[in-house]
Amino acid sequence: MVERHKPVVAAHRGGGYPFGPENTLYSYRRSVYECGAHILEIDVRLTKDKQLVLVHDAHLDRTTNGQGLVGEYTLEELKKLDARAKFRKRNTPIQPLTDGSMDDPRLFQIPTLEEVFDEFAGCADVTFFLDMKDTGAVAQTIELIKERKLENRIIFGSVAPGPNQAVRRLKPEGIPVGPDVVSVLFMNLLSRLRLFWLYPHKHEVVGIIHSASLSAFIPPRGIKGKLLGLAEYVLLGGGGRLVNERLVRDVRHSGRMFAVFGVEMSDPVLIRECLDMGVEIIFSDSPDIARDTINKWKRERQPSQSR
């Protein structure tokens with residue numbers, strides 16, 4: 001679905017601070033209708049009454065005026081919260097939507113997955129990248145996708161191995177799945193050793209965080225955490241950039257699209273650096289900056305390609 005738009009603007013969490021409150025209808029609308037995003041990255045969790053809602057963190061306090069865990073609230077209770085918490089703490093104004101819909105009471109509520117599917121059902125060029133934060137939400141999410149006949153507009157991907165494993169067991173054939181954190185390190189290792197051809201290609205789209213301590217995604221306790229920390233130290237010196245030209249080339253030569261995400265992807269310099277390497281999907285908290293940077297990069301390349 002997104003191939004013909006490469007390089008692709010992907011709205012990470014729909015867009016984050018200061019673009020707009022993440023995982024809200026406001027940010028999703030602004031990303032698609034005003035910035036031309038072709039992928040919406042969505043974080044999915046279950047409420048106390050088993051409803052699918054879009055929240056990144058397990059706790060509510062960073063992004064809303066609520067407290068406690070998402071899973072301790074019913075959908076009705078969550079709908080009373082305001083997702084503009086960070087903006088109000090920092091006295092940051094929110095840019096009005098150009099369609100004049102700022103009076104829609106749902107804009108800054110925690111949305112359900114159904115609401116977002118309904119909002120963009122008619123936007124055939126929009127793909128939903130679902131980051132399953134709750135393994136228990138996987139089966140219900142897949143049933144909703146099948147009910148709405150959205151199989152050809154979905155990509156799954158999670159940094160945690162558990163949700164990805166559940167997705168692979170339950171998903172309809174043909175829905176792409178990105179790699180988890182362990183797979184990312186394994187791919188990186190094989191690429192650096194020039195043995196990427198040994199990688200068991202079970203990921204149709206490869207999405208990698210630009211630079212971070214990956215051991216943050218799996219706690220250091222236990223054998224898995226210790227092995228992950230050791231692998232990260234050997235590969236990256238305990239942290240640093242995961243994306244490099246060789247890895248991008250290896251992934252693309254295997255016939256897969258390469259995506260990069262992370263807080264750094266609001267920096268035009270780093271976005272251009274990734275585009276020059278051959279990265280095809282830019283997941284950004286600032287879809288407006290990503291759009292402008294990609295468009296400028298495309299314009300600059302046109303003369304050289306036409307000669």
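Numbers here simply count residues along the sequence, with the first being 1.
Residue N164 comes nearest to P179 through the heavy atom pair ND2-C, 3.6 Å, listed as atom of the first residue, atom of the second, then distance. Pairing each heavy atom of G15 with each of S31, the nearest pair is N-OG, 4.4 Å. Closest approach of A137 to L46, counting heavy atoms only: CB-CG, 3.7 Å.
Counted by atom type alone, D180 and S183 present one or more donor-acceptor pairs between their side chains at under 3.5 Å. For the 3.5 Å distance criterion, the side chains of N188 and R192 qualify, holding a donor opposite an acceptor. Donor-acceptor pairing under 3.5 Å is recorded for the side chains of D99 and S101. Side-chain atoms of Y17 and T92 include a donor-acceptor pair closer than 3.5 Å. Between the side chains of D285 and H12, at least one donor N or O lies within less than 3.5 Å of an accepting N or O. In this structure, a donor-acceptor pair under 3.5 Å is present between the side chains of Y28 and N23.
Looking only at side-chain heavy atoms (C-beta outward), D104 and R29 come within less than 4.5 Å of each other. Here the side chains of P268 and I289 are in contact, with some heavy-atom distance below 4.5 Å. Contact of the K296 side chain with the R272 side chain is registered, since non-hydrogen atoms from C-beta on lie closer than 4.5 Å. Under the 4.5 Å side-chain criterion, counting only non-hydrogen atoms from C-beta, Q109 is not in contact with L81. Looking at heavy atoms from C-beta onward, I155 lies out of side-chain contact with L130 at the 4.5 angstrom threshold.
With salt bridges taken as basic N to acidic carboxylate O contacts below 4.0 Å, none links R13 and D131. For E22 and K86, the salt-bridge test fails: no basic side-chain N is under 4.0 Å from an acidic carboxylate O. Residues R194 and D250 are not paired through a salt bridge, judged by the lack of any N-O separation under 4.0 Å between the basic side chain and the carboxylate. By the 4.0 Å N-to-carboxylate-O rule, E151 lies too far from K171 to be salt-bridged with it. Using a 4.0 Å cut-off between a side-chain N of Lys or Arg and a carboxylate O of Asp or Glu, R256 and E280 do not qualify as a salt bridge. Contact check on D134 versus R45 returns no salt bridge, with no Lys/Arg side-chain nitrogen under 4.0 Å from an Asp/Glu carboxylate oxygen. We find that K48 and E76 are not joined by a salt bridge, their nearest charged nitrogen and carboxylate oxygen being 4.0 Å or further apart.
A donor-acceptor pair under 3.5 Å is formed between the side chain of E77 and the backbone N or O of T74. Looking only at distances, a side-chain donor or acceptor of S158 sits under 3.5 Å from a matching main-chain atom of A160. A distance-only check finds no donor-acceptor pair linking the side chain of Y26 to the backbone of L97 [under 3.5 Å]. Listed for the R252 side chain is a donor-acceptor partner under 3.5 Å among the backbone atoms of G278. Remark: side-chain polar atoms of Q165 are not paired, donor with acceptor, to backbone N or O of G162 under 3.5 angstrom. With hydrogens and angles ignored, the 3.5 Å screen pairs a side-chain donor or acceptor of T24 with a backbone N or O of P21. Checked by atom type and distance alone, the side chain of Q140 pairs as donor or acceptor with a backbone atom of K50 at under 3.5 Å. Not one N or O on the side chain of R30 forms a donor-acceptor pair closer than 3.5 Å with the backbone of D288.
The structure places CG of L52 at 11.0 Å from CD1 of I42, a figure rounded to the nearest 0.5 Å. Here the CZ-OG distance, from R249 to S254, works out to 12.5 Å after rounding to the nearest 0.5 Å. Q51 CD to T112 OG1: the interatomic distance, rounded to the nearest 0.5 Å, is 8.0 Å. One distance of note links CG of L195 with CG of L189; it measures 8.5 Å at 0.5 Å rounding. L40 contributes atom CG, which lies 9.0 Å from atom OG1 of T127 (distance to the nearest 0.5 angstrom).
V70 and V44 are assigned to two separate hydrophobic clusters, defined by single-linkage of ILVMFWY side chains at heavy-atom distances under 4.5 Å. Residues V260 and F19 do not share a hydrophobic cluster, defined by chaining ILVMFWY side chains whose heavy atoms lie under 4.5 Å apart. Clustering ILVMFWY residues whenever any of their side-chain heavy atoms sit less than 4.5 angstrom apart, transitively, puts L150 in the very cluster that holds L25. By the rule that hydrophobic residues join a cluster once side-chain heavy atoms approach within less than 4.5 Å of another member, M187 and V159 end up as members of one cluster. Residue L275 is grouped with residue V279 when hydrophobic side chains (ILVMFWY) are merged at heavy-atom distances under 4.5 angstrom, including chains of intermediate members.
Here F120 and Y33 bring their ring centres to under 6.0 angstrom of each other. Checked against the 6.0 Å centroid threshold, F283 and F129 count as a close aromatic pair.
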Legend entry - Chi angles and distances behind the salt bridge (Lys or Arg N to Asp or Glu O under 4.0 Å) call for D57, K133: CA-CA 8 Å; D57 300 0; K133 296 299 185 184; over 6 Å; no
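Partner of D82 under the salt bridge (Lys or Arg N to Asp or Glu O under 4.0 Å) criterion, chosen from K80, R84, K79: R84.
Stacking of R153 on the aromatic ring of F117 is not recorded, the 6.0 Å distance cut-off and the 45° axial limit not both being met.
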